Student: 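Please read through the structure below; I'll follow up with questions.
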Amino acid sequence: VRLGLISDTNVGPLHGARVRAALERRGATVSYFEVPAGEISKSLGTVAEVAEALAHAGLGRRSALLALGGGVVGDFTGFVASIFMRGVPYAQLPTTLLAQVDSSVGGKTGVDLPAGKNLVGTFWQPRLVYADLSLLATLPARELSAGLAEVLKHGVIADAELFARLDAQAEVARAGDAALLGELVAWSCRIKAAVVGDDERETVEAPDGGRARLNFGHTIGHAIEAASLERAQPLKHGEAVALGMLAAARVGAELGVGDPWLEAQLLAVLPRLGLPTELDAWLVPEVLARVSVDKKRTAGGALRFVVVDRLGSSRTVSVTAGELAEMLLPGRIK
Ligand SMILES: NC(=O)c1ccc[n+]([C@@H]2O[C@H](COP(=O)([O-])OP(=O)(O)OC[C@H]3O[C@@H](n4cnc5c(N)ncnc54)[C@H](O)[C@@H]3O)[C@@H](O)[C@H]2O)c1
Ligand SMILES: [Zn+2]
């Protein structure tokens, strides 16, 4: 079988040769492609370059792709797999905790446009997700913490026991304990697979909010993440999600439907996971103005906003960006 192995300039040099050798030992013909590390590679330009390279290397309809990397390589490779030769199979070998617990599962693929993140993409399920914990040994501590934010999110929206486990073992998880991380990866994947399995295409009609519940913390988190890219110290996606979860907890409480203790519970655990809590510094009009360009709006201009009624239970409600700004900006009129 002909395989296209795709990685980035950080992960390729660390783990590419080992993976390639393992595949070749099993008789595969492997062509290797490397994209620059970072979100910058999630672009249509890179899609065109890699597709061209695949074609030149002789990959065809019977070939398969393999994504070796974090969420960037996974989203990008999945997208290329969905359109190359009208679609070829692919597998995920996630190398960040975030990719192992979140982005490699669920089949959302895509790239960014200058107009915004993930604006072009497909649903294309991987044939296989192989999360090898030993790959995390080389992951920077900050990236590990960013992944733990998504694990915590899965607990908050769907499983109070997972939240409690991570709360009790925060320092152990942050230190990269392999046994605990293994448990958290499997637990997170089960939750995400169950939520996605009930609502693969994130249809607006899903009664409890469906797949959209996975966006908890992401409406305001994405706005903060985008704003931070213009600062000297940009936030990691997971760090912005941590702040977004704090904001969402506050909004839920303000709406009178969310757990009033959630913000305090999050404030207690986030620093122990190495995640930021300085939400108020980001609650300025310039940041909140970015919420309205989020693509997850419904037709009427309202957003599907995820609220947690109690730990482990969540649903979506409809709010406008204006209402969010009113609830979150300091000095607001109630
Ligand atoms: N498809 C989905 O459902 C979904 C869900 C969540 C996030 N995402 C996407 O995932 C992306 C973020 O993923 P990410 O946080 O994994 O970012 P990433 O892929 O950019 O990886 C983060 C950094 O870590 C490096 N790295 C990766 N693995 C490493 C390892 N084992 N050792 C050393 N360095 C390593 C990478 O080169 C990069 O510099 C975003 O583009 C986001 O939109 C997609
Ligand atoms: Zn996320």
Side-chain angles (χ1 to χ4, degrees), residues 38-39 71 98 102 112 114-119 140-153 156-157 170 174 212-255 258-297 302-308 314 316-317 319-334:
E39 189 73 23
L98 184 129
D102 190 353
D112 306 332
K117 242 174 86 87
N118 298 327
L119 290 183
R142 215 177 140 190
E143 299 289 352
L144 193 75
S145 288
L148 289 171
E150 302 280 9
V151 177
L152 192 70
K153 178 197 76 179
V156 170
I157 61 159
R174 186 184 174 184
R213 282 176 296 158
L214 295 168
N215 297 328
F216 177 67
H218 284 60
T219 303
I220 293 152
H222 273 151
I224 293 175
E225 184 180 6
S228 85
L229 297 181
E230 287 160 18
R231 307 214 175 169
Q233 273 291 319
L235 293 172
K236 304 275 168 207
H237 173 73
E239 294 170 340
V241 168
L243 296 170
M245 289 195 287
L246 286 171
R250 195 177 294 179
V251 168
E254 290 266 339
L255 288 169
D259 181 344
W261 304 108
L262 182 60
E263 188 179 349
Q265 281 177 292
L266 288 170
L267 277 174
V269 66
L270 289 173
R272 299 169 51 229
L273 295 171
L275 291 162
T277 55
E278 312 78 43
L279 172 63
D280 291 340
W282 295 95
L283 296 180
V284 295
E286 302 82 79
V287 173
L288 289 169
R290 291 175 188 266
V291 169
S292 56
V293 297
D294 191 287
K295 71 177 182 294
K296 279 157 192 128
R297 269 176 303 172
L303 299 142
R304 299 179 73 200
F305 195 84
V306 187
V307 291
V308 172
S314 55
T316 53
V317 297
V319 281
T320 66
E323 287 167 336
L324 281 183
E326 242 170 69
M327 285 183 270
L328 289 171
L329 287 175
R332 65 202 179 271
I333 306 150
K334 281 209 218 175

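It should be emphasised that the depicted structure is a prediction, and the values quoted were computed from it without experimental measurement.
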Student: Considering all heavy atoms of both residues, which atom of Leu266 and which atom of Ala249 are nearest to each other, and what is their separation?
Tutor: CD1-CB, 4.1 Å
Student: How long is the span from the CG atom in Leu243 to the CD1 atom in Ile220, to the nearest 0.5 Å?
Tutor: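 If we round to the nearest 0.5 Å, Leu243:CG and Ile220:CD1 are 10.5 Å apart.
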Student: Taking 4.0 angstrom as the limit, do Arg231 and Glu286 come out as a salt bridge?
Tutor: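 A salt bridge is absent here (no side-chain N lies under 4.0 Å from a carboxylate O).
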Student: Atom CD in Glu39, atom CG in Leu229: separation rounded to 0.5 Å?
Tutor: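 One finds 8.5 Å between CD of Glu39 and CG of Leu229.
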Student: Closest heavy-atom contact between Val307 and Gly252?
Tutor: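 Here Val307 and Gly252 meet closest at CG1-CA, 3.9 Å.
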Student: If we only count heavy atoms from C-beta on, is the Leu270 to Leu246 side-chain gap below 4.5 Å?
Tutor: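 With C-beta onward as the side chain, the pair touches.
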Student: Given Gln265 and Val156, is the side chain to side chain contact (heavy atoms under 4.5 Å, CB included) satisfied, shown in steps?
Tutor: CA-CA 10 Å; Gln265 281 177 292; Val156 170; over 6 Å; no
Student: I need the Leu279 CG to Glu263 CD distance, nearest 0.5 Å.
Tutor: 7.0 Å
Student: Is a donor on one side and an acceptor on the other found under 3.5 Å between the side chain of Glu150 and the backbone of Gly147?
Tutor: no
Student: State whether the side chain of Ser228 and the backbone N or O of Leu235 hold a donor-acceptor pair below 3.5 Å, judged by distance alone.
Tutor: yes
Student: Please walk me through it: do Leu324 and Thr219 pass side chain to side chain contact (heavy atoms under 4.5 Å, CB included)?
Tutor: CA-CA 10 Å; Leu324 281 183; Thr219 303; 4.3 Å; yes
Student: Going through the distances and angles, do Asp112 and Leu119 end up as a side chain to side chain contact (heavy atoms under 4.5 Å, CB included)?
Tutor: CA-CA 6 Å; Asp112 306 332; Leu119 290 183; over 6 Å; no
Student: To the closest 0.5 Å, what do you measure between OG1 (Thr316) and CG (Leu303)?
Tutor: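 The distance works out to 11.0 Å.
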Student: For Leu144 and Arg174, which heavy atoms make the closest approach, and how far apart are they?
Tutor: CD2-O, 3.3 Å
Student: State, yes or no, whether a side-chain contact exists between Leu329 and Pro285 at a heavy-atom distance under 4.5 Å.
Tutor: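 Of all side-chain heavy-atom pairs linking Pro285 with Leu329, at least one is under 4.5 Å.
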Student: Tell me, please, which residues at least two apart from Arg272 pass side chain to side chain contact (heavy atoms under 4.5 Å, CB included).
Tutor: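 Result, side chain to side chain contact (heavy atoms under 4.5 Å, CB included) vs Arg272: Asp167, Ala170, Glu171, Val269.
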Student: Do Glu225 and His218 have a side chain donor and acceptor closer than 3.5 Å?
Tutor: no
Student: Can you list the residues that meet the side chain to side chain contact (heavy atoms under 4.5 Å, CB included) rule with Ala149, with sequence neighbours excluded?
Tutor: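 By the side chain to side chain contact (heavy atoms under 4.5 Å, CB included) rule, Ala149 matches Leu275.
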Student: Distance check, rounded to the nearest 0.5 Å: Ile224 atom CD1 versus His237 atom NE2?
Tutor: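 Going from CD1 on Ile224 over to NE2 on His237, the span is 12.0 Å.
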Student: Which atom pair, heavy atoms only, marks the closest approach of Ala248 to Gly217?
Tutor: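 Closest approach of Ala248 to Gly217, heavy atoms only: CB-N, 4.3 Å.
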Student: Over all heavy atoms of both residues, which pair between Trp282 and Val287 is shortest? Give the atoms and the distance, please.
Tutor: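 Between these two residues, the closest heavy atoms are O-CB, 3.3 Å.
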Student: Looking at Asp259 and Val308, would you say the former's side chain and the latter's main chain have a donor-acceptor pair under 3.5 Å?
Tutor: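 A pair under 3.5 Å: no.
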Student: Going from OG on Ser145 to CG on Leu98, what distance comes out if it is rounded to the nearest 0.5 angstrom?
Tutor: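 Reported value, rounded in 0.5 Å steps: 12.0 Å.
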Student: Could you pull out all residues at least two apart from Glu143 that satisfy side chain to side chain contact (heavy atoms under 4.5 Å, CB included)?
Tutor: Leu139, Pro140, Lys236
Student: Could you tell me whether the side chain of Met245 reaches within less than 4.5 Å of the side chain of Leu152, counting heavy atoms only?
Tutor: yes
Student: What is the minimum heavy-atom distance between Glu239 and Pro276, and which atoms define it?
Tutor: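 Heavy atoms only, the tightest pair is O-CG, 3.7 Å.
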Student: Mind running side chain to side chain contact (heavy atoms under 4.5 Å, CB included) on Lys153 and Leu214 for me, showing each step along the way?
Tutor: CA-CA 8 Å; Lys153 178 197 76 179; Leu214 295 168; 4.2 Å; yes
